[in-house]
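Structure record follows, encoded as structure tokens.
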Amino acid sequence: MDYSYAKFYFFKGFFLSLSLIMAIGAQNAFVLRQGIAKNNVFYVCLVCFLCDFVLILAGIFGVSEVIAKNLIVNVLITALGILFVSYYAITALISVFSTKNSVIFEIEHSNFSIIKLLF
């Protein structure tokens, strides 16, 4: 058996996994912020887990193949993605110039109801 490429694939997978774990994304920052504020932490973590679980299952069972083959769905999802990212960028830009741009302020004033928190 030839194991000459085994080390290459191991390190490639290891560093890919490490890069995914080390990145603090928006979801992780949100969960950390809610944890610090002690605001419905269980429900926030449960919803994040369920969303990740559903998206991973969709990836495993080939939803991307269905989307890639259907032009209308592909264009629709692309347009919705562009709208979402544009809205998120605009709200982030507005919040940069807001006077309420303090992490302490956000933590003190982040006691939302569960419905408002999750949606």
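This structure is a prediction, so every number in the text was calculated from the model and none was measured.
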Open item on the list: Running the 4.5 Å side-chain criterion over Ile, Leu, Val, Met, Phe, Trp and Tyr, what cluster does L83 land in, apart from itself?
Closed with: none
Result block: side-chain N/O donor-acceptor pairs under 3.5 angstrom for residues 50-68, not counting sequence neighbours:
residue, atom, partner, partner atom, Å
D52, OD2, Q27, NE2, 3.4

Task: Residues that L71 engages under side-chain contact (heavy atoms from CB on, under 4.5 Å), provided they are two or more places apart - done: V75
Open item on the list: Just to verify, what does F11 make a side-chain contact (heavy atoms from CB on, under 4.5 Å) with, not counting sequence neighbours?
Closed with: K7, F15
Open item on the list: If you count heavy atoms of other groups shown closer than 6.0 angstrom to CD1 of I72, is the number above 12?
Closed with: no
Open item on the list: Testing the basics here: between C48 and V31, what is the closest heavy-atom pair and its distance to 0.1 Å?
Closed with: SG-CG2, 3.7 Å
Task: Given V41, N39, N40, the one that forms side-chain contact (heavy atoms from CB on, under 4.5 Å) with Y43 - done: N40
Taking distance alone, no hydrogens or angles, what donor-acceptor pairs closer than 3.5 Å link side-chain atoms of residues 84-91 to residues at least two apart or in another chain?
residue, atom, partner, partner atom, Å
S86, OG, I82, O, 2.8
T91, OG1, Y87, O, 3.1
T91, OG1, Y88, O, 2.9

TODO: Could you pull out all residues at least two apart from N70 that satisfy side chain to side chain donor-acceptor pair (under 3.5 Å)?
DONE: none
